[in-house]
Engineer: 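Questions regarding the structure given below will be posed in turn.
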Amino acid sequence: MISPLERATELCRMDMERVDACIHENLQSDIMMIPAIGHYIVNSGGKRLRPLLSLLIARLFDYSGDRHIPLSVVVEFIHTASLLHDDVVDSSDQRRGSPSANGVWGNQASVLVGDYLFSRAFQMMVADGDMAMLKLMSDVTNALAEGEVLQLSRTFHMEMTEAECLEVIERKTAVLFKAATEVGAHVSGESADVVADLADYGMCLGVAFQLMDDALDYLAEAEEAGKPVGHDLEEGKITLPLIHAMQRDAELRKRVEDIAERGCYEDGDREWVRERVTAQDGAGYAMQRARDYAERAKLRLPENSNSEIRLLLGELADFSAHRPF
Ligand code: FPP
Ligand code: MG
Ligand code: MG
């Protein structure tokens, strides 16, 4: 059976082709390392979920202009820049089943090409010429950077609560989904209330998406996930599956405290922690919370809009909270 993501991609095929063309056009530079790394990362099997959301929402309101194409690329470029930086920050040498850009070209090149993409996104917004859009994206990227710094400052933070964990998720991940959906509603000329509802839909879908990612770090095998698993705690990230399990298992909490003191895993830590988190159904709890957020997202979709697209957006929210393997 084909997934809602595949159906949405097919439905927006012509617009998605324009998005791809716009991506490639904006990766041109006579500094060869820029298109080389840019193409490597944008073609590395990402789902283009964020641009797709912008396109679908423009379609939800029968938008007939062109602005959604470059503006959805703006969101994708900011996302891609953040991934280039993220794999450096997280010392991660794998992404989407392949070596990460920093694994191939090194940290310096990854950071600098990330900067290129980030600044390119702002050039594209200036070309679009809408101060409201610049405000939206500058606020979003600021929140994104704050979210990452907040997460860093909570490295191995044993007192991390569910609320703090959700705050990090909203800022580091969900804001870009919010930006994507807000773009679609904004270019369509919808009222401030409707734009806010769609922004909330994006935010909730984004939280669901990251909660699933956090659950899979404890559930999936590396081959399935296309990146290292059991890695979050090693990086000092106290995510929801672990918070849930530590509240119920004092021995697990003690072992995590020891890991935090050492700042790294010793032989057997990864497997032991994964087993204990699984025994408390930590990942199951995070997935349940993801489903709650998907339900909240669906409630924000406006009644008086294209019903076929509304249904599909609802299915995409569910899909973000569903276990892919
Ligand atoms: C993936 O999370 C990374 C993010 C959601 C955002 C990363 C953002 C930055 C590094 C800030 C960059 C800022 C600008 C303005 C370019 P993860 O590490 O939990 O997930 P992963 O498993 O996909 O690596
Ligand atoms: Mg990472
Ligand atoms: Mg990270």
Side-chain angles (χ1 to χ4, degrees), residues 37-38 41-42 44-47 49-50 74-103 107 110-125 134 136-156 160 165-180 202-203 205-222 224-242 283 286 290 320 324:
I37 298 183
I41 178 122
V42 298
S44 66
K47 300 174 280 296
L49 187 50
R50 294 160 193 81
V74 163
V75 178
E76 189 68 0
F77 273 10
I78 295 172
H79 165 61
T80 309
S82 78
L83 292 186
L84 284 169
H85 287 186
D86 182 69
D87 284 333
V88 173
V89 171
D90 293 345
S91 311
S92 189
D93 56 7
Q94 288 272 307
R95 179 160 296 277
R96 299 168 183 152
S98 300
S100 57
N102 51 315
N107 285 349
S110 285
V111 169
L112 295 172
V113 174
D115 291 342
Y116 174 87
L117 288 175
F118 185 52
S119 54
R120 184 54 145 184
F122 277 82
Q123 285 181 322
M124 292 170 74
M125 275 185 282
L134 268 155
L136 166 72
M137 289 299 172
S138 52
D139 288 350
V140 158
T141 50
N142 199 250
L144 182 67
E146 273 184 338
E148 280 290 308
V149 178
L150 176 63
Q151 176 173 267
L152 182 69
S153 69
R154 294 290 183 269
T155 305
F156 285 123
M160 187 88 160
C165 173
L166 288 166
E167 189 187 348
V168 169
I169 289 178
E170 284 191 6
R171 291 187 182 202
K172 77 163 188 176
T173 305
V175 282
L176 263 181
F177 285 90
K178 167 187 171 288
M203 190 72 139
L205 182 149
V207 173
F209 180 90
Q210 184 64 50
L211 283 171
M212 275 311 297
D213 196 69
D214 293 347
L216 290 175
D217 190 65
Y218 285 96
L219 264 185
E221 298 306 323
E224 297 171 318
K227 59 185 179 187
V229 292
H231 202 59
D232 282 350
L233 176 59
E234 198 170 10
E235 289 170 6
K237 284 188 209 150
I238 311 289
T239 57
L240 196 53
L242 183 62
S320 300

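The basis for the numbers below is simple: all heavy atoms, side chains too, and nothing from hydrogens, waters or symmetry mates. Worth saying up front: this structure is predicted, and the values here are computed from it rather than measured. First listed ligand is number 1; within each ligand, the first listed atom is number 1. In this chain, residues are counted from 1 in sequence order.
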Engineer: To check you understand the geometry: which heavy-atom pair defines the closest contact between Ser110 and Ala101, and what is its length?
Structural biologist: OG-C, 3.4 Å

Engineer: Does the separation of the ring centres of Phe118 and Phe77 fall below 6.0 angstrom?
Structural biologist: no

Engineer: Heavy-atom contacts with Asp213 under 4.0 Å: which atoms of ligand 1 show up? List them by number with element.
Structural biologist: 20 (O), 22 (O)

Engineer: Report yes or no: do His231 and Asp90 form a side-chain donor-acceptor pair below 3.5 Å?
Structural biologist: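 On atom types as modelled, these side chains do not qualify, holding no pair under 3.5 Å.
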
Engineer: Which of the listed options, Ile169, Asp86, Ile78, holds the heavy atom that is closest to atom 3 (C) of ligand 1?
Structural biologist: Asp86

Engineer: Does at least one non-hydrogen atom of Val89 fall below 4.0 angstrom from an atom of ligand 1?
Structural biologist: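 Val89 does not count as a contact of ligand 1 under the 4.0 Å cut-off.
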
Engineer: Check contact between Lys237 and ligand 1, using heavy atoms of the residue and a distance below 4.0 angstrom.
Structural biologist: yes

Engineer: Return the option from Glu235, Lys172, Gln151 holding the heavy atom at the smallest distance from atom 17 (P) of ligand 1.
Structural biologist: Lys172

Engineer: Taking distance alone, with no angle check, do Ser82 and ligand 1 share an N/O pair under 3.5 Å?
Structural biologist: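 No; the residue has no nitrogen or oxygen that sits under 3.5 Å from a nitrogen or oxygen of the ligand.
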
Engineer: Please lay out, stage by stage, how Asp217 and Lys237 fare under the test salt bridge (charged side-chain N to carboxylate O under 4.0 Å, His left out).
Structural biologist: CA-CA 11 Å; Asp217 190 65; Lys237 284 188 209 150; over 6 Å; no

Engineer: Using a plain distance cutoff, I'd like to know if Arg95 has any nitrogen or oxygen under 3.5 Å from a nitrogen or oxygen of ligand 1.
Structural biologist: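 By distance alone, the answer is yes.
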
Engineer: Which heavy atom of Glu235 sits nearest to which heavy atom of Thr155, and what is that distance?
Structural biologist: O-CG2, 3.8 Å

Engineer: Go through ligand 1 atom by atom and flag the ones less than 4.0 Å from a non-hydrogen atom of Glu148.
Structural biologist: 4 (C), 6 (C), 7 (C), 8 (C), 9 (C), 10 (C), 11 (C)

Engineer: Applying a 4.0 Å heavy-atom criterion (strictly less than), which segment of Asp90 is in contact with ligand 1: side chain, backbone, both, or neither?
Structural biologist: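 The answer is the side chain of Asp90.
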
Engineer: Should one rank Asp87, Leu176, Leu144 by closest heavy-atom distance to atom 13 (C) of ligand 1, which comes out on top?
Structural biologist: Leu144

Engineer: Give the atom name of whichever N/O/S atom in Asp86 sits closest to the Mg ion (ligand 2).
Structural biologist: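 In Asp86, the heteroatom (N, O or S) nearest the Mg ion (ligand 2) is OD2.
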
Engineer: Between the side chains of Gln151 and Arg154, is a donor N or O closer than 3.5 angstrom to an acceptor N or O?
Structural biologist: no

Engineer: Show me which atoms of ligand 1 lie under 4.0 Å from any heavy atom of Thr173.
Structural biologist: 5 (C)

Engineer: Check step by step if side chain to side chain contact (heavy atoms under 4.5 Å, CB included) holds for Val75 and Phe177.
Structural biologist: CA-CA 9 Å; Val75 178; Phe177 285 90; over 6 Å; no

Engineer: From the N, O or S atoms in Asp90, identify the one nearest to the Mg ion (ligand 2).
Structural biologist: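 Minimum-distance N/O/S atom of Asp90 relative to the Mg ion (ligand 2) is OD2.
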
Engineer: Heavy atoms only: give me the nearest Ser82-His79 pair and the separation to one decimal.
Structural biologist: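 Heavy atoms only, the tightest pair is OG-O, 2.7 Å.
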
Engineer: Check ligand 1 against Gln210 and write out every atom of the ligand that is under 4.0 Å from a heavy-atom position of the residue.
Structural biologist: 19 (O)

Engineer: Looking only at non-hydrogen atoms, find the nearest pair between Ser100 and Asp87 and report the distance.
Structural biologist: CB-OD2, 3.7 Å

